[in-house]
**Q** 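This is the structure, below, for whatever I ask next.
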Amino acid sequence: MAFGKGHHLHLVDGSAFIFRAYHALPPLTRKSDGLPVGAVSGFVNMLWKMIQDNKGPDAPTHAAVVFDKGSITFRNHLYDQYKANRDEMPEELRPQIPLTREATRAFNIACLEEEGFEADDIIATLACRAREAGGRVTIISSDKDLMQLVGGGVEMFDAMKNVRIDREGVEAKFGVGPERVVDVQALAGDSVDNVPGAPGIGIKTAALLINEFGDLETLLERAEDVPQPKRRQTLIEHAEQIRLSKKLVQLDCDMELSYDLDSLEVVEPVADDLLAFLTAMEFRTIVRRVSDELGKEAPAIPEEAPETVEPEAQADFPETYEWVRDEAALEAWIAKAHARGYVAVDTETTALNEMQALLVGVSLAVAPGEACYVPLAHKTNPEADLFATDALAEGQIPMARALELLKPLLEDPSVLKIGQNIKYDAKILARNGIDIAPVDDTMLLSYAMHAGLHGHGMDVLSERYLGHVPIPIKSLIGTGKSQITFDGVAVDKAVNYAAEDADITIRLWQAFKPQLHRARVTTVYETLERPLIPVLARMEMAGIEVDRETLSRMSGAFAQKMAGLEEEIRELAGEDFKVGSPKQLGEILFDKLGLPGGKKGKTGAYGTGADILEDLATEHELPGRVLDWRQVSKLKSTYTDALQEKIDPATGRVHTSYSIAGANTGRLASTDPNLQNIPVRTEEGRRIREAFVAPAGRTLVSLDYSQIELRILAHIAGIEELKQAFREGQDIHALTASEMFGVPMEEMTPEIRRQAKAINFGVIYGISGFGLARNLRIPREEAQGFIDRYFERFPGIKGYMDDTIRFAKDRGHVETLFGRKINTPEINAKGPGAGFARRAAINAPIQGTAADVIRRAMIRMEAATASLPATMLLQVHDELIFEVDEGSEDALIAVAREVMEGAAMPAVDLSVPLEVDAGQGRSWAEAH
DNA sequence: GTACTCACG
DNA sequence: GACGTACGTGAGTACG
């Protein structure tokens, strides 16, 4: 039966698909030979998704994927500048073009292209013919040039946004119906395609004119009647150029084609052909998906070749290591360590939490391959121990005696102890009466040199720098419910695992230590990383008192409030659902209640973030209630409930753990629990800080840097006005507002100041019009206007940004004022990642310098406050929290403030003063 | 295990 | 030819 009524033709804009896939995906290559295949992969995935999404009653009966062919088309003969400003096709994309044709054929879909024509013309011709035959057409593309085809059974579908575009969609975009789209385009022109149009006339004005005069020809003939003199003159002067533009944007609906619509009938792919293509491309995931769908067994793809490692780095690791069974053997190892002057140390324990973990054994390494394990608290094999006596396994030195032997070595100032994350071991040992010193830490060596390149855990480092995959801990203790603690591991197995860790550590140290100087980060490591280890270890062990009663009471109140809100939400929704499920909430909001808003993300789930719900709150009551519920739920689950669990039964306090090498910029990260994100911004949340208290006779003191990042920005970028303002103690946001908007300081309003404040923060983050617009909830153009004016007013800031990007592109890293290097491997990448990398590069020196400053303060703080009855407990990026005996608060504040304000000196003499605000009280809520 | 959401500076 | 974007974190919950 010939194509006609009841038939449905799908036309895919293949070239658009390819470009989109190319830019959306990282540069993927085929494992076996390095052929770039990222765009092919994305293209195939999009095709597959399209096929899966279009099953059912509305499935296409006919389909084709249409491509551009050649870069010279008939339009270039009309106008030689057509698409002249288009970039060359990227090098990696070129070889992928023929593969996308192959992919299309592998799916058994018609693959159309015509020399001298654009894909759009083929699409236009086929769409017109299908319409004339009485069938329906869906054009899968978001290209506005195709919108002229919509109507009379022809629609478009934007596969990226998942929206259909019909007549109304076209009118929304162009202000006119599809049949007048070319007229509007002819007037407005198109900078992307280099269609000239009429200068000074954009889509809005064009639509206005066309709607008033009916069509383009009438408009041009009656141009004299246009009331506005500027427009009138433009239309008269550029009439020919406008007519030419119309020819350029008008699609050719009447191409001669060697095939007819019937030849485009949908046929099922031949499973073997399709899988053969996908297998040859080595697309593992999609091969699996397609095989599942087609009920075929997935063909094998050869496993990728192992990463090549420098031969000399492929060190030989022993199969087994020495099990130290008695005192004599241990003494021999201790002697070796003394003789060397350094030793790698690693402790094995029963838990990751250093405050609760019990020591199970110690491993030592003095040279690559020369390592041992000293088991101390392994239990007998439970299978052999029928009576579960918890007896100790044989071949272990008594704990107390072993520690007695180890203590002099580990505390010997002439022997360097090397660890991987040695803060952990230091805390374990401290709880066993040993103050390990001096130390080196391979994790921190790596962090100083490689921040931004990769993580700094032992597994990553070993694989990357030694070409060796360590024995996974899971192979010994298992996972999930059946996981055991290390003291339950059989000693012979534990020996090989534990000694290997020490072996790896000493090899990493030998690899890293000589590089430190070459990388010019010796000072960073020695003044900002290593000295922080004992400081943080003590802070973590000190912990902070948290009042369980307060939290428990709050939990109860929150539970009641949540129940009430759930009831209200249920009534507003008209049904019961899990408020905590974004998926269910999205369905209620958008499907059931029909509120405006769209899908997003790879999963196709509706977004229900706070910003979206806030926008919806004007439409319906439910979103506001959900926001309230979310806030309370967060406070309860993350804080009032979870924090109670974290109170150490032995100390009655909460002990966080800081990771020194967690954040790329030099900031610390706090985990288990995270005490750097205790609520403060809302009144209800802030009350959680009431549970953080000082014990009887003590007071909590909090000191925080005022505007430290802006001050550092003012210094680095050398902005005299800002520096002056900081010196005079002015309100910096008000000053910015005054400079930008020309409002005298006396007439400043909170609203204008708020906007300036947002801009100041935006600058630190590597500002974008989009981001500022979203933050301030203003149109993007307006936000961009603010930014332009800001850069105009403070050209030094723009200069700093450009210089920083330049530096990063040339050197592959950026630096803080103290020499910390943050690598920026993505800075020369293309695609959306580039913007990310640029903003991160702008932010890193500012955030990183501030992090360095407070690190220096912390390192000096202990000596400065040694004579005071005070303990440093917490760090929250720009804030330090202390506990001090009542009566000594002011003395502490004076000393600590001096240390903090002078922390940059003498290494860096900032041209702006650092200022520190202080507070004190019974609780953190009062002190802050 | 991943995605989403939300707490902090 | 088009996307998606403020910087840096950690943790709890839902869901496949």
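Naming: A, B, ... by sequence-line order, numbering from 1 per chain. Just so it is clear, the model here is predicted, and its values are computed rather than measured.
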**Q** Give one of base, sugar-phosphate or nothing for A:A758, where a contact means two heavy atoms less than 4.0 Å apart.
**A** base
**Q** Is the shortest distance from a Lys or Arg side-chain nitrogen in A:K561 or A:D628 to a carboxylate oxygen in the other one below 4.0 Å?
**A** no
**Q** Base, sugar-phosphate alone, or nothing: which one does A:D878 contact when heavy atoms must sit under 4.0 Å apart?
**A** sugar-phosphate
**Q** Angle class for the A:H456/A:H450 ring planes (parallel below 30°, perpendicular above 60°, tilted otherwise)?
**A** parallel
**Q** Return the 5'-most residue of the pair A:N843, A:S659 with respect to DNA chain C, ranking by each residue's nearest nucleotide.
**A** A:N843
**Q** For the pair made of OH in A:Y606 and P in B:dT5, what is the distance, rounded to whole Å?
**A** 14 Å
**Q** By the 4.0 Å heavy-atom rule, please label A:N664 as base, sugar-phosphate, or nothing.
**A** sugar-phosphate
**Q** What nucleic acid atoms does A:L772 come within less than 4.0 Å of, heavy atoms only: base, sugar-phosphate, or nothing?
**A** base
**Q** Please give the distance between the C1' atoms of B:dA7 and C:dC3 as a whole number of Å.
**A** 29 Å
**Q** Using whole Å, what does the distance between atom C1' of nucleotide B:dC4 and atom CG of A:L627 come to?
**A** 15 Å
**Q** Mind checking if A:A610 touches a base, just sugar-phosphate, or nothing, with heavy atoms under 4.0 Å?
**A** sugar-phosphate
**Q** Can you list the stems that include DNA chain C, where a stem is three or more consecutive Watson-Crick or G-U pairs with distances under 3.5 Å?
**A** B:1-9 with C:7-15
**Q** Ion pair present between A:D802 and A:K798, side-chain N to carboxylate O less than 4.0 angstrom?
**A** yes
**Q** What nucleic acid atoms does A:R630 come within less than 4.0 Å of, heavy atoms only: base, sugar-phosphate, or nothing?
**A** sugar-phosphate
**Q** Round to the nearest Å and state the distance from A:K757 atom NZ to C:dA6 atom P.
**A** 20 Å
**Q** Using only heavy-atom distances, determine whether the side chains of A:R20 and A:S142 contain a donor-acceptor pair under 3.5 Å.
**A** yes
**Q** Would you mind reading off the distance between A:F761 atom CZ and C:dG8 atom C1', rounded to a whole angstrom?
**A** 13 Å
**Q** Please name all residues satisfying side-chain contact (heavy atoms from CB on, under 4.5 Å) with A:L776, sequence neighbours left out, ordered by chain then number.
**A** A:R754, A:Q755, A:A758, A:L772, A:I778, A:F786
**Q** A:L635 has an atom CG; how far is it from atom C1' of B:dC8, in whole Å?
**A** 13 Å
**Q** Judged by atom type as modelled, is there a donor-acceptor pair below 3.5 Å linking the side chain of A:K423 to the main-chain atoms of A:Y658?
**A** yes
**Q** Using the test salt bridge (Lys or Arg N to Asp or Glu O under 4.0 Å), find all partners of A:R681 that sit at least two apart in sequence or belong to another chain.
**A** none
**Q** Heavy atoms only, 4.0 Å cut-off, all strands: where does A:E709 land among base, sugar-phosphate and nothing?
**A** nothing
**Q** Give a yes or no on this: more than 12 heavy atoms of other residues, nucleotides or ligands lie within 6.0 Å of atom CZ of A:R101.
**A** yes
**Q** Figure out the CD/C1' separation between A:E684 and B:dC8, and round it to whole Å.
**A** 17 Å
**Q** Base, backbone or nothing for each nucleotide of nucleotides 11-16 of chain C, written B, S, -, heavy atoms under 4.0 angstrom, 5' to 3'?
**A** SSSSSS
**Q** Of A:D120 and A:R667, whose closest DNA chain C nucleotide lies nearer the 5' terminus?
**A** A:D120
**Q** Could I get the full list of salt bridge (Lys or Arg N to Asp or Glu O under 4.0 Å) partners for A:D852, not counting sequence neighbours?
**A** A:R820
**Q** What are the atom names and distances for every N/O pair under 3.5 Å that joins the protein to nucleotides 2-5 of chain C?
**A**
unit_1	atom_1	unit_2	atom_2	d
C:dT5	O4	A:R780	NH1	3.1

**Q** Would you call A:R667-A:E709 a salt bridge at under 4.0 Å N-O?
**A** yes
**Q** For the pair made of CD1 in A:I678 and P in C:dT9, what is the distance, rounded to whole Å?
**A** 19 Å
**Q** Closer than 4.0 angstrom, basic N to acidic O: yes or no for A:D121 and A:R75?
**A** yes
**Q** Are A:D672 and A:K646 close enough for a salt bridge, meaning some N to O gap below 4.0 Å?
**A** yes
**Q** Considering every strand and a 4.0 Å limit on heavy-atom distances, what is the contact class for A:I842: base, sugar-phosphate, or nothing?
**A** nothing
**Q** Using the P atoms only, state how far B:dC6 lies from C:dA6, rounded to an integer number of Å.
**A** 15 Å
**Q** Can you see if the side chain of A:R681 gets near the phosphate of B:dG9 - specifically, an N or O under 4.0 Å from OP1 or OP2?
**A** yes
**Q** Would you call the rings of A:Y606 and A:F590 parallel, tilted or perpendicular, taking 30° and 60° as the class edges?
**A** tilted
**Q** Given atom OH of A:Y765 and atom P of C:dA6, what is their separation to the nearest angstrom?
**A** 12 Å
